[in-house]
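Numbering of ligands and ligand atoms starts at 1, following listing order. What you are looking at is a predicted structure, and each value in this text was computed from that prediction instead of being measured.
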Amino acid sequence: MRLSVSRWQGVIAHYRDFLPVTEKTPIVTLHEGNTPLLRARWLEQLLDQKAEVYLKFEGTNPTGSFKDRGMTVAVSKALERGLTIGICASTGNTSASAAAYCGVAGMKCAIVVPAGKIAAGKLSQALAHGAIICAVHGSFDDALRIVRELTKELPIALLNSINPDRIEGQKTCVFEICDALGDAPDFHILPVGNAGNITSHWKGYREYFEAGRISQLPVMVGVQAEGAAPLVRGEPVPNPETIATAIRIGNPASWQGAIKARDESGGTIIAVSDEAIVDAYRLLARREGLFVEPASAASVAGLLKLAKEGYFERKFAQLKSERRVEREKPLIVCVLTGHGLKDPQTALQTFQLPEPLPPTVDAVKRAIEQVM
Ligand code: F0G
């Protein structure tokens, strides 16, 4: 047993009734979950106080992204089944999480990643946790095809979100949001890559609704990067490209799940430009105190784009007439999926480090006076 001074014992311990575990399941946990839900005052000001906005910061999970919620379930179940090796394709975060949880479970881990396209922090994590790293000359979509075929032949646990255990664990993000707010928000915004998370979050809301824990379902808003927006275009993108490498995916595995979440919730999936992602990335770091990775900033880029178009006002008026919502203004949650430290290179390139100064009081004084 893991000893901990905190009462929080991870998402399986907390949400056991909603997860596919039994007394026989050995629980592999790093006490993931219980992440902050923060009120975004600066963003609300930008929206002219027309909405109440919260940010669910998943960067505080043990490996720095939401993937840990799914990985605790997927690796626990793999161990229960007696498997000794796990594998995943990844744009980085899944591999970091898989490597850490397999390590704790005493399992080996192999990761298949697009060569040269993984942010430095994520690759460092996979290396440090001892994963077997297979970087391929190809995209994430190629990597996923390879691990799918390989796991048909060999007794290896597939740890991507096409494994239903991953989807189950990731639902806990919305359980936490609902528990903190006392009900579901009106709008739930998140970035979409392979589309496992949007599939999982919608499933979570449905289950909480059916269990009587919430009185309404949110409108789901998925955000893709313009250069990697197959769900918006309605067809796979052969050579996806975006600064948000985590969601650089041209043919999402959970395509149908994303469409279902969008349509059943009356929501939308939109694309935002890399410039808009960088603007949101900067704003979150400078004003909300949250250093997230570019893919995570896509949520907020989507929020700002839709707010400008009057989407929330229009849609909220419709919700009010349908559901007798008593709130004055819409309650919106943006999920910030991963930590900014995952991708230090993008931060250094985007924010530009100034030249070093001579070691004198004068030089430092002049530098400070420039911003006063
Ligand atoms: N945000 C971050 C930080 C991610 O790492 C990912 C996916 C997403 C959003 C999108 O989630 O794929 O469920 O739609 N990362 C995967 C990986 C693909 O390999 O780490 P999704």
Side-chain angles (χ1 to χ4, degrees), residues 35 56-61 63-71 74 87-100 111-114 117-119 121-123 125-126 131 139-144 147 158-163 166-167 169-171 173 189-204 220-225 228-231 240 242-259 261-262 269 272 277 280-281 284 290-302 334-343 346:
T35 59
K56 180 71 170 162
F57 185 43
E58 291 286 276
T60 65
N61 275 299
T63 77
S65 85
F66 71 94
K67 304 287 179 180
D68 297 343
R69 297 179 181 278
M71 210 54 76
I87 194 170
C88 66
S90 184
T91 57
N93 281 323
T94 301
S95 64
S97 186
I111 66 166
V112 186
V113 295
K117 297 291 182 183
I118 305 300
K122 305 174 188 180
L123 202 53
Q125 287 176 289
S139 64
F140 168 84
D141 304 284
D142 292 316
L144 189 59
V147 301
L158 177 56
L159 297 175
N160 281 102
S161 58
I162 43 180
N163 175 340
R166 279 275 314 277
I167 301 283
Q170 283 170 211
K171 296 182 309 198
C173 178
I189 311 183
L190 79 171
V192 176
N194 208 27
N197 217 25
I198 190 170
T199 302
S200 152
H201 285 190
W202 180 238
K203 187 168 194 281
M220 300 291 286
V221 176
V223 187
Q224 300 207 286
L231 294 165
T242 167
I243 191 170
T245 52
I247 52 171
R248 189 177 164 275
I249 293 174
N251 193 8
S254 297
W255 189 299
Q256 290 315 320
I259 299 302
R262 182 194 67 189
I269 299 177
V272 293
I277 289 175
Y281 177 60
L284 282 166
L290 296 176
F291 184 31
V292 303
E293 64 171 285
S296 309
S299 291
V300 170
C334 293
V335 184
L336 305 177
T337 46
H339 205 290
L341 289 172
K342 293 276 192 173
D343 190 357
T346 300

Can you confirm whether the side chains of [X] and [Y] place a donor and an acceptor under 3.5 Å from each other?
X    : Y    : result
S65  : T337 : no
S139 : D142 : yes
T35  : R69  : yes

Exercise. Going by the atom numbers of ligand 1, which of them fall below 4.0 Å from some non-hydrogen atom of T91?
Worked result: 15 (N), 16 (C), 17 (C), 18 (C), 19 (O), 20 (O)
For this session: Considering the heavy atoms of S90, write down every atom of ligand 1 situated less than 4.0 Å from one of them.
Result: 17 (C), 19 (O), 20 (O)
Problem set entry | Side chain, backbone, both or neither: the part of K342 lying under 4.0 Å from ligand 1 by heavy atom | neither
Does even one non-hydrogen atom of [X] get within less than 4.0 Å of ligand 1?
X    : value
A195 : yes
S161 : no
I249 : yes

Give the residue and atom name of whichever protein heavy atom lies nearest to [atom], and the separation in Å to one decimal.
atom                    : result
atom 11 (O) of ligand 1 : F66 CZ, 3.6 Å
atom 9 (C) of ligand 1  : T337 OG1, 3.6 Å
atom 8 (C) of ligand 1  : I247 CG2, 3.7 Å
atom 20 (O) of ligand 1 : T94 N, 2.8 Å
atom 4 (C) of ligand 1  : A246 CB, 3.5 Å
atom 13 (O) of ligand 1 : N197 N, 2.8 Å
atom 15 (N) of ligand 1 : K67 NZ, 2.9 Å
atom 5 (O) of ligand 1  : N93 ND2, 2.8 Å

For this session: Considering non-hydrogen atoms only, spot the tightest contact between T91 and K122 and give its length.
Result: O-CD, 4.0 Å
Can you confirm, on distance only, whether ligand 1 has an N/O atom lying under 3.5 Å from any N/O atom belonging to [X]?
X    : result
V192 : no
N194 : yes
S296 : no
G193 : yes

For this session: Applying side-chain hydrogen bond (donor to acceptor under 3.5 Å, both in side chains) between N93 and each of H339, Q125, E293, E58, report the one that passes.
Result: E293
